[in-house]
S.K.: 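Take a look at the following structure, please.
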Amino acid sequence: MENVTLALSEAYALSREVLCKNGFSAEHADAIARNVTAGERDGCASHGLWRLLGIVDTLRKGKVSADARPVITDQAPAIVKADAGGAFSLVAYEQALPLLICKAKTCGIAALAINRCVHFSALFADIEPLTDAGLVGYACTPSHAWVAPAGGTRPLFGTNPIAFGWPRKDKPPYIFDMATSAAARGEIQLHLRAGKPIPEGWGIDSEGQPSTDPQAVLDGAMLTFGGHKGSAFAAMVELLAGPLIGDMTSAESLAWDDGAGGLPYGGELILALDPERFLGAEAHVHLDRAETLFASMQAQGARLPGERRFISRQTCQDAGVTIPRSLYEEISALL
Ligand code: PYC
């Protein structure tokens, strides 16, 4: 059998055990295990159980704290700061979230800056608690300098994902979560593991030549999506979740890593906007207009971002998740 199927509870339990045995505190192990299980369940293998390998590797290399407790600061009427203390971002986010939501509902708009966090997780998971609370959400984070700016050939930007979410009554939220690179780095690493070439346009080799060889692109540079347009978005992410919040750019994160090969270290910016505050009693009228927009998109056969994720979520609830046996064995070996 080439694959192994795990019930969601088994995937979570395996992940948590691997993380605890490798030294993560119960709090961090729980948050990470929930996150990677949810990524796998939602059909996002590049942010699923496979991530455990990089997470444990980063800990073994001394590039992430196993047990830092976040410090949450009420920075300004509409700004929350969360210092993750060198740990993964997830616990800091969970602990800062209630204050972010409270400020967004009071001021109409609020921002959370997570600082000094190591980042591996899909941003859609950070947006969903906001849309669940009826808020519009935005999140972005730099990573390591892996991506060349449009017109250049050397890595400077990170994969710099952007996520946006819109709440919908009695329907799954509209959420997109996309790297500003042509693909997530994890996708290229998964192609390498599977011995498959990557699509054209994802990257260039170290000579600056287009390549479909995943290793050549990992050693060379990834490309942004949409040429100069993606490049501009990637620069925006560097600025918003770097200098604006007093944290690292992707180039600084890679320099800090100093060749260890750990996961990116820096900041994340999350914005929350409350339609009820913007619109008052008129809110439902305008939220209905948003529904007309979504329906018009679908009427043309367009798929809304996130639809596949929610279908996969429903399917995996009973069927569990299926991963390659080789991956299952590598994860089990971490025990
Ligand atoms: O797969 O693009 C990626 C990624 C970003 C941060 C860690 N991995």
Side-chain angles (χ1 to χ4, degrees), residues 31-32 35-36 38-40 42-59 61 63-64 84 86-90 92-93 114-127 139-149 155-163 176-194 196 198-199 201-203 214-215 217-225 230-231 233-234 236-238 240-242 247-257 259-270 327:
I32 299 167
N35 186 277
V36 294
E40 198 70 50
D42 288 2
C44 182
S46 67
H47 288 84
L49 299 188
W50 167 75
R51 284 280 167 189
L52 291 168
L53 306 180
I55 289 165
V56 170
D57 187 51
T58 302
L59 181 67
K61 286 172 169 156
K63 289 291 180 185
V64 67
F88 284 115
S89 59
L90 300 170
Y93 184 52
I114 306 179
N115 288 114
R116 300 204 303 143
C117 66
V118 182
H119 215 287
F120 73 89
S121 46
L123 293 184
F124 68 80
D126 292 348
I127 295 290
C140 65
T141 181
S143 55
H144 277 329
W146 289 321
V147 180
L156 176 67
F157 298 146
T159 47
N160 294 11
I162 293 175
F176 71 74
D177 172 0
M178 53 175 222
T180 51
S181 48
R185 192 164 183 87
E187 285 293 346
I188 300 182
Q189 290 164 320
L190 287 176
H191 277 75
L192 181 68
R193 286 175 65 88
K196 290 188 193 154
I198 54 172
W202 282 17
Q215 189 61 62
V217 168
L218 292 173
D219 294 341
M222 298 167 67
L223 294 174
T224 57
F225 80 87
S231 193
F233 274 112
M236 178 189 76
V237 172
E238 295 286 336
L240 287 179
D247 222 310
M248 294 204 203
T249 61
S250 298
E252 290 164 346
S253 169
L254 195 62
W256 179 87
D257 186 61
L263 286 159
Y265 178 53
E268 177 178 350
L269 177 72
I270 298 150
L327 173 60

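Note that the structure is predicted; figures quoted are calculated from it, not measured. Whatever order the structure lists ligands and atoms in, that order sets their numbers, starting from 1. In this chain, residues are counted from 1 in sequence order.
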S.K.: Determine, using heavy atoms of Arg51 and all atoms of ligand 1, whether some pair is separated by less than 4.0 Å.
M.R.: yes
S.K.: Can a donor-acceptor pair be found between the side chains of Thr159 and Ser143 at a distance below 3.5 Å?
M.R.: yes
S.K.: When you compare ligand 1 with Leu263, is there at least one nitrogen or oxygen pair between them that comes in under 3.5 angstrom?
M.R.: no
S.K.: How long is the straight-line distance from OG of Ser181 back to CE of Met222, given to the nearest 0.5 Å?
M.R.: 4.0 Å
S.K.: If we only count N/O pairs under 3.5 Å, is Ser143 in contact with ligand 1?
M.R.: no
S.K.: Can you tell me how far NE2 of His47 sits from CG of Leu123, rounded to the nearest 0.5 angstrom?
M.R.: 7.5 Å
S.K.: Looking at atom 3 (C) of ligand 1, what's its closest protein heavy atom, distance included?
M.R.: Arg185 N, 3.4 Å
S.K.: Under 3.5 Å between some N or O of ligand 1 and some N or O of Thr159?
M.R.: yes
S.K.: For ligand 1, which atoms have a heavy atom of Gly186 less than 4.0 angstrom away?
M.R.: 1 (O), 3 (C)
S.K.: Find the distance between SG (Cys140) and CG (Asp177) and round it off to the nearest 0.5 Å.
M.R.: 11.5 Å
S.K.: At less than 4.0 angstrom from any non-hydrogen atom of Ala184, what atoms of ligand 1 do you find?
M.R.: 1 (O), 2 (O)
S.K.: At what distance, to the nearest 0.5 angstrom, does CG of Asp126 lie from CD1 of Ile114?
M.R.: 6.5 Å
S.K.: So, His119 versus Thr141: side-chain donor-acceptor pair below 3.5 Å or not?
M.R.: no
S.K.: Quick one: nearest non-hydrogen protein atom to atom 6 (C) of ligand 1, plus distance?
M.R.: Pro264 CG, 3.6 Å
S.K.: Please confirm whether Ala179 comes under 4.0 Å of ligand 1, counting heavy atoms of the residue only.
M.R.: no
S.K.: Decide if atom NZ of Lys61 counts as having more than 12 heavy atoms of other residues, nucleotides or ligands within a radius under 6.0 Å.
M.R.: yes
